[in-house]
Every structure is written in structure tokens, then in C-alpha cells.
Amino acid sequence: AARSPNANPFGNVLNMPGISNLLSNPDILRTVMMANPATRQVMERNPEIARALQDPQTLRQAMDMIRNPSLMQEMTRNTDRALSNLDAVPGGMDALA
């Protein structure tokens with residue numbers, strides 16, 4: 001089924017050249033995230049999330065997924081498959097705790 005051009009309006013906004021350039025800068029993304037009290041609180045309580053959100057590669061991947069719904073679906077499928085494989089191993093899900 002064909003998708004309408006407005007099927008992902010958020011992704012369309014993120015693909016605008018000015019917005020895309022701003023969001024391609026990890027320092028700007030970090031500043032924006034830290035300006036949000038809720039995000040800052042999550043990062044302070046969860047150092048592993050803070051590390052991920054401060055990693056330029058992780059930020060780029062997240063932005064790519066937001067811009068591209070088919071990439072997001074592919075990453076979701078890969079994650080689901082990995083969790084399913086882990087669940088098949090005795091005690092595998094315990095490794096996530």
C-alpha cells in the first residue's frame with residue numbers, strides 16, 4: 001500500500017534542511033534534551049540512558065529512525081527477533097535484569 005506524503009508529518013519536519021542540520025549536531029540535541037526537566041530527571045536516575053543519549057552514534061540512529069518509518073520498523077523487527085532468541089535460551093531474559 002502506498003503511503004501518503006503526510007503519513008509521517010514529524011519525519012517530514014525533521015527532514016527540512018534547517019531542522020535536519022540542527023538535529024544532526026549531537027551537542028544541540030544534548031542541550032535540548034537537558035533543557036527538558038523530565039528528560040534530565042530520567043538521565044540523572046538512569047546513567048545507562050544518559051550514556052546512550054550522549055552518544056553521537058546513538059543519537060544519529062534515533063534521528064534516522066524517526067525520519068524513516070521503514071527503518072524504524074526494521075529495527076523493531078530486529079529487536080523483537082533478538083529478544084525472542086534470548087527468551088529461547090534458559091535464563092536468557094535474566095541477563096537483561
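Throughout, residue positions are numbered sequentially from 1 according to the sequence presented. No experiment lies behind these values; they were computed from the predicted model shown.
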(request) Could you name each residue pair satisfying side chain to side chain donor-acceptor pair (under 3.5 Å) that touches residues 76-93, not counting sequence neighbours? (result) Asn78-Arg81
(message) With side chain to side chain contact (heavy atoms under 4.5 Å, CB included) as the test, pick out the partner of Arg30 among Val32, Asp27, Ile28.
(response) Asp27
Between side-chain atoms of residues 50-66 and protein atoms elsewhere (two or more places apart, or another chain), which donor-acceptor pairs fall under 3.5 Å?
unit_1, atom_1, unit_2, atom_2, d
Asp55, OD2, Thr58, N, 3.2
Asp55, OD2, Thr58, OG1, 2.7

(request) Could you tell me whether the side chain of Asn46 and the main chain of Ile49 form a donor-acceptor pair under 3.5 Å? (result) no
(request) Report yes or no: does Asn68 contribute a side-chain atom to a donor-acceptor pair with the main-chain N or O of Ser70 at less than 3.5 Å? (result) yes
